[in-house]
Asker: 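One structure, as C-alpha cells, below. Some questions next.
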Amino acid sequence: MRSVNTEIALTHILTRKRQTIVASLGVSIGIAIYICLNTLIIGTNRYSDNAIFKTTPHIRVYKEDDISKPLSKDTSGKKGTIVIVNPKIANISKNLINPSKLLHDIKNQPDVTAAAPMVTANIFYNNGKSQLTGVGWGLNIIEGDAMFDIQSTMVVGDLRTLLNTPNGIIIGVGIADKLNIKLNDNISVISSVGVIKLMKVVGFFKSSNAVTDKSKSYMNLATAQQLLEEGPNYVTDIYVKIKDPEAAVQYATVLGKLTGYSTEDWKAANELFVAGKKIRAVMFLFISWAILLVAAFGIYNILNMTVSQKLNDIAILKANGFSGKDVVSIFVMEAMVMGIIGTLIGFLLSSIIVTLLSRIYIGADIGYFPIQFEFSVSMTGVGVGLLVTFFAGYIPARKASKVDPVAIFRK
Amino acid sequence: MEKKIVLRTKGVGKYFYDPVKFKVLDDISFEAYRGEFLTLVGKSGSGKSTLLYILSTMDTEYEGELFIDEEKITGQNLNKLAAIRNKNIGFVFQFHYLLPEFSCLKNVMVPALKLGKFSHEEVEHQAYERLEMLGIKDQALKPASKLSGGQQQRVAIARALINNPKIIMCDEPTGNLDSKNTQIVFDIFKQITKEFNQTIIAVTHDNDFAKASDRTIELADGKIISHGLDKTKS
C-alpha cells in the first residue's frame, strides 16, 4: 500500500508541475553534461592511447647501456689507491642473449597477448644523390601488425608482400616524397656499420606523426640483422603487448625480473602524454562537478522555497501526528522524484548528444569523432545525480522537520 | 456515572523570554473528564492559548507535568509525542488550516492513513461517514481551498474526529464563523461529547459559546481564577 507520506509528496509535486520540471531540467542538464564530458574524455583517451600504441609497445624489453666502472677500487676499507676512470658507455653488444628462450618465457606469462623480437638499425636512405637518415625496424611484419596495427596506416602496397620479398622495405610517405620514390622502385640503404643493401619498396605508410613518416621504415628481421652485420640470433628489443595497458607499469617490473633485462612501459616512454592525460582528467572532473553542483543548488533552492511556502502544511501535519522523520521523508521524496526524472532525462539527453557527436567527421586518421556510448560512465552519472539530489533535498527537508508548529499557529 | 479523568495537569508554568522574561502561566492544575465539553476563557494575554498548546503536546518547554489518560506526557521524546497526538488528540483551529492541494476527503483521511490502523478503503469509508455526519458529504471530492469558511471548518472537525481521539482541542473554533455556522459547530460539539463520549477542550472568546458548554475554566494573568461548575450536574 502506498504510504501517506508518498501520497503527500506526490500531491505536492503534481500541484507544482512547473517548478518540478524546472528543477528536473536543471538536473538533466547537469547529468547530461557530466556523462558527456566523461564519455568524451574516455573516447579521446582511447583514441590517443591507440595512437601511442601504434608506435610504442606496452612494454619494451631491451639491454640498457652499461657504464664502464672504475678499473680498481679501494677494498681495504681504510687506505689504498683509488683509480678513477672517466666513465663512458661500454662498447658492448646490445644483443639480448638467447632471444628465442626469452621470447618463449615472455609468451608463457598469463597476461601477455603478443611478444615480438625487434632489431632497430640507424640507416641512410639513398636515391641517386639525395640521402635521408632514419631508423629501420626489423621485425616479422605480421607480429608487428598485431602489435602496432601497421595495416591501418598503409596507404600503398600490402604488408604481406614484405614476407615474400627478402629485401623488401615499407617506408613512410615522407621518405617517398623527399626521395621521389614510387611503389616497386629500388632504394639503397646504408647502415651505421657501412653495409649497403639495395632494397625494393613494397609499400608506404602514413602515421599521424610527420617526423615518423620522414624517417621510419619496416623491413624483415633478417634484413635488419644483415645491415648490422649480425647473425639470426641478434635481437635488440622484445616488444610485449599485454591485456590491460594500464597494468603495464607493474607488469614491466615482472618482466624485468623474469628476463634479467631492462624494461620500459609505455607510460615511462610517454611521460608528457601521460601528464597531459592527467591534466585533462582533472579539468573535466572539475567542470562536470561544478555543473552538477549548480543543478543541485537548483533543487535545493526550489525545495527550500517549497518548505517556506508550506510552513502551514508542515505545522498541520505535525499537529496531526506526523513526526520529524515523516516530514523529512516527504520532502526528500519530492527531491528524489525531481532527481529521478531529471537524471533519466539527462541520461537520454547525453545518449543523444553522444550519438550526434560520434557522427561528426573530423578527417585525417581520426575519422569520426572518437566518442561512443559508455555504459559504466552513464551508470556513474545516474548514481551521482541521485546522490546529489538526495543531499540537495535532505538539507531543506531537515529544516522542514524542525518547524515548530506552535510558532506557526500562534501567528 | 462516575467521571473518568482523561487529561490532567499538575503545576504547569511557562515563561516567555522575548523581549523580557515573563511568566505566562503559573501553577496551572486542573482535570478534564471523559465526555466533557470544556471551554477555556480569559482576556487576551491571559495565557489560554499558550496553555492549549501545552495540553496539545506540541509545546514541550514548560514546567510541571501533563498526563493524558494517566500516562505521563511530560518528558517524552518528540516522535512519541507525535504518535500520541495522532492517536489521542484531534485539532480544530480558528483558521481551519486544511492542506489546500488535497480534496476534502483526503484532508480528513490524512491522520487515519498516518495511524495506519485501517486499510485505505476502510479509512475512506470512515471519512465519508464523518463528512456525512457534518453534512458536507457532497463536497468530499472538491479541493479544500474551494469551500466556504464554514464548510472548511466542518472538514477540519471531520479530520479531528477521524481517529476517534479521546480529546479534541480547539483554538477559537468559531472565531471566524457567522452565527449560523457557529451554531452548527456548537451542535456538532455537543453531539460528539454526548454521543461519542469524547472530550472537547476549546479556547474561546465567545461568551455565549462558553456559557453553553459543560464547564468553563477562566484564566487571568496566567492563573486559573475559576474552575467553573459542571453544568451537567446542576
Side-chain angles (χ1 to χ4, degrees), chain A residues 1-21 302-303 305-334 337-338 397-411, chain B residues 14 16 49-50 52-54 56-62 77-103 106-116 118-121 123 143-145 156 159-160 162-163 165 169 171-172 203:
Chain A
M1 198 183 84
R2 232 168 41 177
S3 88
V4 62
N5 292 354
T6 321
E7 208 166 305
I8 293 170
L10 288 181
T11 308
H12 279 173
I13 279 182
L14 289 177
T15 46
R16 35 182 67 214
K17 290 192 189 85
R18 214 169 61 88
Q19 278 188 341
T20 306
I21 288 169
I302 282 182
L303 260 135
M305 227 163 67
T306 311
V307 168
S308 311
Q309 289 170 355
K310 295 239 167 283
L311 289 177
N312 264 341
D313 292 30
I314 296 166
I316 297 168
L317 290 176
K318 284 197 152 184
N320 280 303
F322 285 68
S323 64
K325 270 187 213 159
D326 293 320
V327 175
V328 167
S329 87
I330 288 170
F331 283 94
V332 165
M333 223 176 307
E334 290 181 29
V337 170
M338 294 182 201
R398 257 184 70 86
K399 184 179 128 183
S401 78
K402 297 248 159 71
V403 165
D404 177 10
V406 177
I408 306 292
F409 290 136
R410 298 207 65 127
K411 268 180 195 161
Chain B
K14 183 173 172 72
F16 279 170
S49 285
T50 308
L52 187 76
Y53 287 116
I54 290 172
S56 77
T57 76
M58 285 191 277
D59 190 347
T60 51
E61 283 165 20
Y62 58 89
N77 75 40
L78 291 176
N79 288 338
K80 184 80 195 297
L81 290 179
I84 290 170
R85 279 201 295 279
N86 187 231
K87 191 162 171 274
N88 294 329
I89 308 174
F91 290 98
V92 179
F93 304 101
Q94 181 176 9
F95 301 105
H96 23 81
Y97 285 120
L98 297 173
L99 301 172
E101 291 101 340
F102 292 78
S103 68
K106 271 279 149 64
N107 263 290
V108 176
M109 286 166 72
V110 160
L113 292 174
K114 170 65 200 159
L115 185 66
F118 299 102
S119 75
H120 199 278
E121 289 70 31
V123 169
S145 51
R159 181 180 65 192
I162 188 77
N163 281 348
M169 296 192 185
D171 190 5
E172 307 279 5
V203 162

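This is a predicted model, so every value here is computed, not measured.
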Asker: Check this for me: B/E61, atom CD, are more than 12 non-hydrogen atoms of other residues, nucleotides or ligands nearer than 6.0 Å?
Answerer: no

Asker: Taking only residues two or more places apart in sequence, or in another chain, which ones meet A/K399 in a salt bridge (charged side-chain N to carboxylate O under 4.0 Å, His left out)?
Answerer: none

Asker: Quick one, B/M109 and A/E7 - any side-chain contact, counting heavy atoms below 4.5 Å?
Answerer: no

Asker: Atom OG in A/S323, atom CZ in B/R85: separation rounded to 0.5 Å?
Answerer: 9.5 Å

Asker: Pick whichever of B/K114, B/M58, B/M169 has the most heavy-atom pairs under 4.5 Å with chain A.
Answerer: B/K114

Asker: Given heavy-atom pairs under 4.5 angstrom as the criterion, report whether the side chain, backbone, both or neither of A/N5 touches chain B.
Answerer: neither

Asker: Check whether B/T50 gets within reach of chain A through its side chain, its backbone, both or neither, counting any heavy atom under 4.5 Å.
Answerer: both

Asker: When only heavy atoms count and the cut-off is under 4.5 Å, which of residues 12-19 of chain A reach chain B?
Answerer: A/H12, A/T15

Asker: Tabulate below the donor-acceptor pairs under 3.5 Å that side-chain atoms of residues 311-322 of chain A make, not counting sequence neighbours, or state none.
Answerer:
from, atom 1, to, atom 2, distance (Å)
A/K318, NZ, A/S401, O, 2.5
A/K318, NZ, A/V403, O, 2.9
A/N320, ND2, A/I316, O, 3.0

Asker: Distance from B/K106 atom NZ to A/T11 atom OG1, nearest 0.5 Å?
Answerer: 6.5 Å

Asker: By a 4.5 Å heavy-atom criterion (distance strictly below it), what part of B/S49 contacts chain A: side chain, backbone, both, or neither?
Answerer: both

Asker: Taking only residues two or more places apart in sequence, or in another chain, which ones meet B/E172 in a salt bridge (charged side-chain N to carboxylate O under 4.0 Å, His left out)?
Answerer: none

